Protein chains: 2
Amino acid sequence: MLTKSTEYAIRALVYIQLRNNLNQRPGVFEVANEIEAPAAFTAKILQTLTKHELIGSMKGRGGGFFFTDQKKTLSLYKVISIMEGNSVFTRCGFGLSQCSDSNPCPLHHRYAAIRDGYLQIAQTETIQSLAAKIERGEAVLNTLSKNT
Amino acid sequence: MLTKSTEYAIRALVYIQLRNNLNQRPGVFEVANEIEAPAAFTAKILQTLTKHELIGSMKGRGGGFFFTDQKKTLSLYKVISIMEGNSVFTRCGFGLSQCSDSNPCPLHHRYAAIRDGYLQIAQTETIQSLAAKIERGEAVLNTLSKNT
DNA sequence: TTATAAAAAGACCTGTTTATCCTTTTATAA
DNA sequence: TTATAAAAGGATAAACAGGTCTTTTTATAA
């Protein structure tokens, strides 16, 4: 469904939010380690997220990544759009470039329902809502941490 | 969602079914043209489908592709599994390798519902059911044909 | 004010998917 | 029985996603 880059981005942002909640600013290596992604690749993704101002960054000693506005929420939809565009929410499930309610492919009606459900998730879930679930022990961020 | 190869495969199979219903056996060029896919690439995909015996083929003059058993149906699930495996039906939406009802990622419950819905579509829709919709004028196979 | 720690930037490498082209095999119509 | 039309097979290329490495910039603690 999502590209690896997008998945890494979402996991990284959730981790950053978790650390920010403890008044800490994780760096590239810490983030990469926690989300179980290659460090150099994680650095590139964090660069992208910073360039698009989803997060802020500080260079130099004690630097790292952080959310600039602790009150705002960030929807998965926005993260996905920035990382890979929104075609996952619009593409035809049959591969047709022209496919719509009025000119449907044979999968259209059923597939569009599923796709819209996915869009709903992406629009309503946020980095903060995911982080909260982890903080409440209802979910895990990575393979390492078992919440037993 | 699906790879291009899988989409081409499904569209090709639907077209072959449509032609078979008229007692014809389309060849590579005809299929490629109708499903709006590159001919050489379509040939490779038809080769794969033939090797896995989803369809039969005849070489030589008057040859082409066809379903060997006109009574059987072929689910999209089977086509997808052969073309790209079944990870689309099993992957975690958050990218975790270990993600389950008992050890969920923060997206798990909502995402699994969507994914299962998609699995339902793939298991219940068949090449034949899609072809039938087209024959009834309820849907289109390609960009060219407008069903107005 | 300098050594150090960190992110930013850019070049480069790797693997997979998508796609093309050429040769070989095979069936059949003439 | 031969020319021809078609699929099968194999090698190669192009585009993209995923990933690495090195250098540059910048902030700060010592």
Side-chain angles (χ1 to χ4, degrees), chain A residues 1-13 15-16 19 24-33 35-68 80 82-85 87-88 91 95 97, chain B residues 1-13 15-16 19 24-33 35-68 80 82-85 87-88 91 95 97:
Chain A
M1 202 71 161
L2 301 177
T3 64
K4 278 199 176 184
S5 296
T6 305
E7 287 178 355
Y8 291 160
I10 293 172
R11 297 218 300 274
L13 289 166
Y15 181 70
I16 291 165
R19 298 307 282 172
Q24 298 192 310
R25 282 194 310 225
V28 168
F29 292 95
E30 183 182 344
V31 171
N33 202 51
I35 68 170
E36 296 170 275
F41 196 48
T42 301
K44 282 300 177 203
I45 288 165
L46 291 174
Q47 246 180 67
T48 301
L49 298 174
T50 301
K51 203 177 317 179
H52 284 86
E53 301 186 316
L54 297 192
I55 45 176
S57 71
M58 285 283 294
K59 285 187 183 182
R61 277 202 177 176
F65 298 89
F66 51 90
F67 285 91
T68 51
I80 294 167
I82 284 174
M83 293 301 297
E84 60 174 77
S87 77
V88 67
R91 290 190 80 251
S97 52
Chain B
M1 201 70 162
L2 300 178
T3 63
K4 276 199 178 185
S5 296
T6 304
E7 287 177 355
Y8 291 159
I10 294 172
R11 298 218 300 273
L13 290 166
Y15 180 71
I16 291 166
R19 298 308 283 171
Q24 298 192 309
R25 279 192 313 223
V28 167
F29 292 95
E30 182 181 344
V31 171
N33 202 51
I35 69 170
E36 296 170 276
F41 196 49
T42 301
K44 283 299 177 201
I45 288 165
L46 291 174
Q47 247 181 68
T48 301
L49 297 174
T50 301
K51 204 176 320 180
H52 285 85
E53 300 185 318
L54 297 192
I55 46 177
S57 71
M58 284 284 294
K59 285 187 182 182
R61 277 200 175 178
F65 298 89
F66 51 90
F67 285 91
T68 50
I80 294 167
I82 284 174
M83 292 300 298
E84 61 174 76
S87 77
V88 67
R91 289 191 79 250
S97 52

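A quick note: this is a predicted structure, and the numbers were derived from the prediction, not measured. A note on names: the letters A, B, ... follow the listed sequences, proteins ahead of strands, and every chain is numbered from 1.
Rounded to whole Å, the distance from NE2 on B:His52 to C1' on D:dA8 is 15 Å. Distance B:Phe41 CZ to D:dG9 P: 17 Å, rounded to the nearest Å. Separating the NZ atom of B:Lys59 from the P atom of C:dA27 is a distance of 7 Å, rounded to the nearest angstrom. Distance B:Leu2 CG to C:dT18 C1': 16 Å, rounded to the nearest Å. Distance, A:Ile45 CD1 to C:dA8 C1': 15 Å, rounded to whole Å. With rounding to whole Å, A:Glu53 atom CD is found 12 Å from C:dA8 atom P. When the P atom of C:dT17 is taken as reference, atom NZ of B:Lys44 falls 16 Å away, rounded to whole Å. Rounded to whole angstrom, the span from the CD atom of A:Gln47 across to the C1' atom of D:dT20 amounts to 13 Å.
In this structure, the separation between OG on A:Ser5 and CG on A:Leu49 is 10.0 Å, given to the nearest 0.5 Å. For the atom pair CD1 (B:Ile45) and OH (B:Tyr8), the distance works out to 7.0 Å, reported to the nearest 0.5 Å.
The side chain of A:Thr3 contributes no N or O atom lying less than 4.0 Å from OP1 or OP2 of D:dA17. In this model, the phosphate group of C:dA7 is not approached by any side-chain N or O of A:Ser57 to a distance below 4.0 Å at OP1 or OP2. When the side-chain nitrogen and oxygen atoms of B:Tyr8 are compared with OP1 and OP2 of C:dA19, one or more of them lie within a distance under 4.0 Å.
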Determine whether A:Met1 and B:Val88 satisfy the following criterion, side-chain contact (heavy atoms from CB on, under 4.5 Å), listing intermediate values before the conclusion. CA-CA 7 Å; A:Met1 202 71 161; B:Val88 67; over 6 Å; no
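Between A:Glu84 and A:Leu2 the shortest side-chain heavy-atom distance falls below 4.5 Å.
With C:dT20, D:dG18, D:dT20 as the choices, the nucleotide that has an atom nearest any side-chain atom of B:Ala40 turns out to be C:dT20. Of the candidate nucleotides C:dA9, C:dA29, D:dT28, C:dA9 has the atom lying nearest to any side-chain atom of A:Lys51.
With hydrogens and angles ignored, no donor-acceptor pair closer than 3.5 Å exists between the side chain of A:Lys4 and the base of D:dG19.
The 5' end of DNA chain D is approached more closely, in terms of each residue's nearest nucleotide, by B:Gly27 than by the other of A:Thr42 and B:Gly27. Nearer to the 5' terminus of DNA chain D, by closest-nucleotide assignment, is the contact made by A:Pro38 (compared with the other of A:Pro38 and A:Gly62). Looking at which nucleotide of DNA chain C each of A:Thr50 and B:Arg25 is closest to, the 5′-most match is held by A:Thr50.
When heavy atoms are screened at a 4.0 angstrom cut-off, B:Phe29 is found touching no nucleic acid atom at all.
In this structure, D:dA29 and C:dT2 make a Watson-Crick or G-U wobble pair, each of the two defining distances being under 3.5 angstrom. Base-pair partner of C:dT18: D:dA13 (Watson-Crick or G-U wobble, both distances under 3.5 Å).
Taking 4.0 Å as the cut-off between side-chain N and carboxylate O, B:Glu30 and B:Arg19 count as a salt-bridged pair.
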